[in-house]
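In what follows, every chain begins at residue 1, and chains take the letters A, B, ... in the order their sequences are listed.
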There are 2 protein chains.
Amino acid sequence: MESRIERLCVERGLKMTGQRRVIARVLSESADHPDVEELYRRAAALDPRISIATVYRTVRLLEERGILERRDFGGGRARYEATDTEQGHHHHLIDIETGRVIEFSDAEHERVLQAIAARLGFDLVSHRLELFGRRRQPSRPATRGASAAGGEAGVSGTPANGQRR
Amino acid sequence: MESRIERLCVERGLKMTGQRRVIARVLSESADHPDVEELYRRAAALDPRISIATVYRTVRLLEERGILERRDFGGGRARYEATDTEQGHHHHLIDIETGRVIEFSDAEHERVLQAIAARLGFDLVSHRLELFGRRRQPSRPATRGASAAGGEAGVSGTPANGQRR
DNA sequence: GTACCTGCAAAGCCTTTGCCGTACT
DNA sequence: AGTACGGCAAAGGCTTTGCAGGTAC
């Protein structure tokens with residue numbers, strides 16, 4: 001079966017090798033933000049005939065083609081996730097206690113950034129935002145899921161962060 | 001003469017060596033966001049008896065003491081700037097054409113982030129924000145300096161960015 | 001058939017560290 | 001005087017790359 005990422009690769013005219021197919025599948029099935037090492041582990045589990053150099057080369061290629069996005073959550077390793085084609089881009093909130101990454105997007109926030117850039121005489125091309133927070137200990141049961149104005153959120157899999165390098 | 005950073009070091013009980021004094025002075029006089037290599041160059045110009053290992057050790061030490069802050073504008077190198085004691089923390093807008101870094105702060109933006117974190121059930125501990133923009137080509141002379149709600153801005157020295165690693 | 005891909009191992013870049021003589025409080 | 005610091009060079013972690021053989025289109 002053809003994975004979502006593989007389809008994108010084909011659409012963009014990339015030569016599909018066995019290794020790339022496996023890596024594409026791993027990426028398609030990853031809901032979190034794996035680093036290269038982790039991608040390599042997952043890919044090698046499906047097909048041991050894959051070297052980490054190929055993983056590096058492939059994520060780089062896919063990033064250049066706009067299929068993947070590179071993230072830097074600190075810790076000196078790059079992390080990857082599929083470019084979000086449906087909704088606009090989102091950002092990340094990292095739980096400083098568990099390292100868990102929560103995705104969110106917020107329309108009002110985007111507007112504020114546009115305004116800031118405009119005020120400085122710039123057109124906003126892109127931006128990077130990460131929040132670091134601590135889970136609130138509510139006296140009453142948490143208000144989780146009560147999403148407000150234009151917001152969406154989803155929790156991702158593996159913990160981020162490995163502190164400094 | 002005792003530089004601002006040196007004073008902070010003494011206040012926090014750091015042992016002041018000749019090398020540290022020089023590095024402290026370089027940092028005090030730097031209005032931009034130099035990387036270690038650049039700090040080393042500037043320090044070595046004042047006193048050649050300084051090794052880059054010492055620069056690395058010193059910036060790390062000062063960061064741990066809260067005197068310096070480490071920045072990551074991409075390009076794989078850490079950049080440093082003195083912790084801002086006067087106003088609250090600021091953020092950076094990077095001109096994608098020149099690499100110039102512009103600092104700004106914005107009260108409304110801070111409030112929005114607090115609200116986002118709260119909505120997700122978190123207390124906001126810290127955050128990281130960088131804008132990447134392109135200078136607007138105004139039909140009329142730009143509205144530079146017309147700072148809106150709670151905003152302040154200042155241009156810094158050396159270009160950032162060296163693209164990927 | 002040709003241009004591109006892969007594995008392997010070596011190299012590169014930024015940063016840290018062990019060792020030992022030196023300097024600060 | 002004792003503890004911490006600095007220089008040097010080696011090592012470490014992540015990523016890229018040269019080379020030789022293999023593979024997709």
Using a cut-off of strictly less than 4.0 Å, decide whether [X] has a side-chain nitrogen or oxygen near OP1 or OP2 of [N].
| X | N | value |
| --- | --- | --- |
| A:Arg60 | D:dT15 | no |
| B:Thr17 | C:dC24 | no |
| A:Gln19 | D:dT23 | no |

Which nucleotide in the set [options] lies at the smallest distance from any side-chain heavy atom of [X]?
| X | options | value |
| --- | --- | --- |
| B:Lys15 | D:dA9, C:dC5, C:dT25 | C:dT25 |
| B:Ala53 | D:dG6, D:dT16, D:dA9 | D:dA9 |
| A:Arg77 | D:dC14, D:dT16, C:dT15 | D:dC14 |
| B:Arg57 | D:dC5, D:dC25, D:dG7 | D:dG7 |
| A:Tyr56 | C:dT16, D:dT16, D:dC25 | D:dT16 |
| A:Ser51 | D:dT15, D:dC8, C:dG7 | C:dG7 |

Rounded off to whole Å, could you give me the [atom1]-to-[atom2] distance for the [X] and [N] pair?
| X | N | atom1 | atom2 | answer |
| --- | --- | --- | --- | --- |
| A:Leu61 | C:dC5 | CG | P | 7 Å |
| A:Arg21 | D:dA24 | CZ | P | 8 Å |
| B:Asp47 | D:dC5 | CG | C1' | 15 Å |
| A:Tyr40 | C:dT6 | OH | P | 14 Å |
| B:Tyr80 | C:dC14 | OH | P | 13 Å |
| B:Ile52 | C:dC14 | CD1 | P | 9 Å |
| B:Glu64 | C:dT15 | CD | P | 15 Å |
| A:Ile50 | C:dG7 | CD1 | P | 7 Å |

Worksheet item: Which residue, B:Gly18 or A:Thr58, contacts DNA chain C at a nucleotide closer to its 5' end, judged by nearest heavy atom?
Response: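 Nearest nucleotide further toward 5': that of A:Thr58.
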
Fill in: Close approaches to DNA chain D from residues 22-30 of chain A, in residue order (heavy atom, under 4.0 Å)
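Nothing qualifies; none.
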
Practice prompt. Please indicate whether A:Arg49 has more than 12 foreign heavy atoms, meaning atoms of other residues, nucleotides or ligands, lying under 6.0 Å from its CZ.
Written response: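 Check fails, neighbour count at 12 or below.
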
Worksheet item: Should we say atom CZ of A:Arg25 is surrounded by more than 12 heavy atoms from elsewhere, each under 6.0 Å from it?
Response: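 Counting neighbours around CZ of A:Arg25, 12 or fewer heavy atoms of other residues, nucleotides or ligands fall under 6.0 Å, so no.
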
Worksheet entry | SB check A:Arg60 A:Glu63 (cutoff 4.0 Å) |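 Result for this pair is no, no salt bridge flagged.
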
Worksheet item: Does the pair A:Arg42/A:Glu38 count as a salt bridge with the N-to-O cut at 4.0 Å?
Response: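 Counted as a salt bridge, because a side-chain N and a carboxylate O are separated by less than 4.0 Å.
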
Practice prompt. Begin with the C-alpha distance, continue with both residues' side-chain angles, and end with the deciding distance and a verdict on side-chain contact (heavy atoms from CB on, under 4.5 Å) for B:Arg77 and B:Val36.
Written response: CA-CA 8 Å; B:Arg77 294 187 292 294; B:Val36 170; over 6 Å; no

Worksheet item: In terms of ring plane angle, is the pair A:His33 and A:Phe73 parallel, tilted or perpendicular, where the classes change at 30° and 60°?
Response: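 Correct class here is perpendicular.
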
Discussion item. Return the OG1 to CG distance between A:Thr54 and A:Leu39, rounded to the nearest 0.5 Å.
Written reply: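 The CG atom of A:Leu39 is 13.0 Å from OG1 of A:Thr54, to the nearest 0.5 Å.
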
Worksheet item: How long is the span from the CD1 atom in A:Ile102 to the CD1 atom in B:Ile116, to the nearest 0.5 Å?
Response: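 One gets 13.0 Å once the value is rounded to the nearest 0.5 Å.
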
Worksheet item: Closest nucleotide of DNA chain D for A:Asp35 versus for A:Arg49: which of these residues is on the 5' side?
Response: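 Mapping each residue to its closest nucleotide by heavy atoms, the 5'-most match is A:Asp35.
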
